[in-house]
Amino acid sequence: MLFLPQWLKRSWFASLTLATAFLLIGLIVNVLELVAFVLVRPFSVDLFRRLNDYLVYLHWSVIPWLLENWCDLEFRAYGDTDGGPAFYGNKKVLAVLNHKGDCDWMLGFCLCDRFAILKHSKCLLKSFTKFVPTVGFQFYFSDFAFLRRNWTQDSAHLRKMAKTWSSYKSPFCVPNHTTTHNTQSI
């Protein structure tokens with residue numbers, strides 16, 4: 001973990017600089033994704049997916065860094081170690097995570113980053129998320145599944161996305177974090 005002085009973390013200028021840099025990098029990544037979508041995807045979907053994986057990693061890797069270094073979050077992942085480190089990042093995984101807050105999805109990013117599969121992660125998200133500037137467009141280009149919370153519409157879309165995800169040559173993780181833990185959703 002990188003040591004950052006408390007006065008820097010409390011500085012509004014440092015926070016504004018980080019937020020601006022995050023948005024600008026996101027916009028640059030969006031433009032590059034759009035160029036790759038138009039120029040590369042018609043000829044090779046696999047090459048587009050690999051390029052897009054690296055582009056979104058440039059942007060998304062900031063989130064685990066901020067949590068661990070700016071917010072002093074100590075993230076520990078426990079699990080079965082059969083197969084050793086060679087196992088992680090080499091399998092397709094479905095991880096079902098339920099969250100209690102609005103920012104808990106970032107812990108899913110930390111989990112994926114810890115196992116070196118952040119650039120390959122896919123999620124099930126609410127449909128309006130694809131319209132969020134920068135990250136929403138990245139989610140769309142990265143083949144995330146956008147749900148309307150209507151089973152008759154979503155079941156067909158989930159089957160289509162499962163078929164799309166199964167065609168991926170690289171390993172990926174699908175941390176599902178669409179359900180808020182409350183009495184109405186149980």
Before you tell me yes or no, could you show the steps for L34 and N30 under side-chain contact (heavy atoms from CB on, under 4.5 Å), namely the whole-Å CA-CA distance, both residues' side-chain angles and the distance that decides it to 0.1 Å? CA-CA 6 Å; L34 184 60; N30 286 156; over 6 Å; no

Donor-acceptor side-chain pairing of D113 and S61 below 3.5 angstrom: no

Do we see a donor-acceptor contact under 3.5 Å between the side chains of N150 and T152? yes

Tell me whether [Y] is reachable from [X] by hopping between hydrophobic residues (I, L, V, M, F, W, Y) whose side-chain heavy atoms are closer than 4.5 Å.
X	Y	answer
I25	I28	yes
L27	V135	no
V56	I63	yes
Y140	L118	yes
L47	F37	yes

Taking the six-membered ring for Trp, are F146 and H157 ring centroids under 6.0 Å apart?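 No; H157 has its ring centre 6.0 Å or more from that of F146.
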
May I ask you to check whether F139 and W60 place their ring centres under 6.0 Å from each other? yes

Under 3.5 Å, is there a donor-acceptor pair between the side chain of S142 and the main chain of F144? no

So does S11 get a backbone contact from the side chain of S15, meaning a donor-acceptor N/O pair under 3.5 Å? yes

Within a reach of under 6.0 Å around CZ of F22, are more than 12 heavy atoms found that belong to other residues, nucleotides or ligands?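 Above 12, so yes.
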
Holding to side-chain hydrogen bond (donor to acceptor under 3.5 Å, both in side chains), I want the full list of residues that pass it with [X], two or more places apart in sequence or in another chain.
X	answer
R49	S167
T20	none
T134	none

Verify side-chain contact (heavy atoms from CB on, under 4.5 Å) between L147 and Q153, making sure each step is shown before the conclusion. CA-CA 8 Å; L147 306 177; Q153 294 174 345; over 6 Å; no

Rounded to the nearest 0.5 Å, what's the gap from NE2 on H59 to CD on E33? Could you check? 10.0 Å

What is the minimum heavy-atom distance between C110 and P64, and which atoms define it? SG-CA, 3.9 Å

How close do D143 and W165 get, counting heavy atoms only, and between which atoms? O-NE1, 2.8 Å

Using the side-chain contact (heavy atoms from CB on, under 4.5 Å) rule, take Q138 and L55 through it: C-alpha gap first, then chi angles, then the decisive distance, then the call. CA-CA 9 Å; Q138 292 170 12; L55 286 173; over 6 Å; no

Would you check, one step at a time, whether the test side-chain contact (heavy atoms from CB on, under 4.5 Å) holds for W151 with L158? CA-CA 10 Å; W151 182 245; L158 284 173; 3.9 Å; yes

Do K130 and L125 touch side chain to side chain, with heavy atoms closer than 4.5 Å? no

I want to check something: taking the side chain as every heavy atom from C-beta on, are F48 and F141 in contact at a cut-off of under 4.5 Å? yes

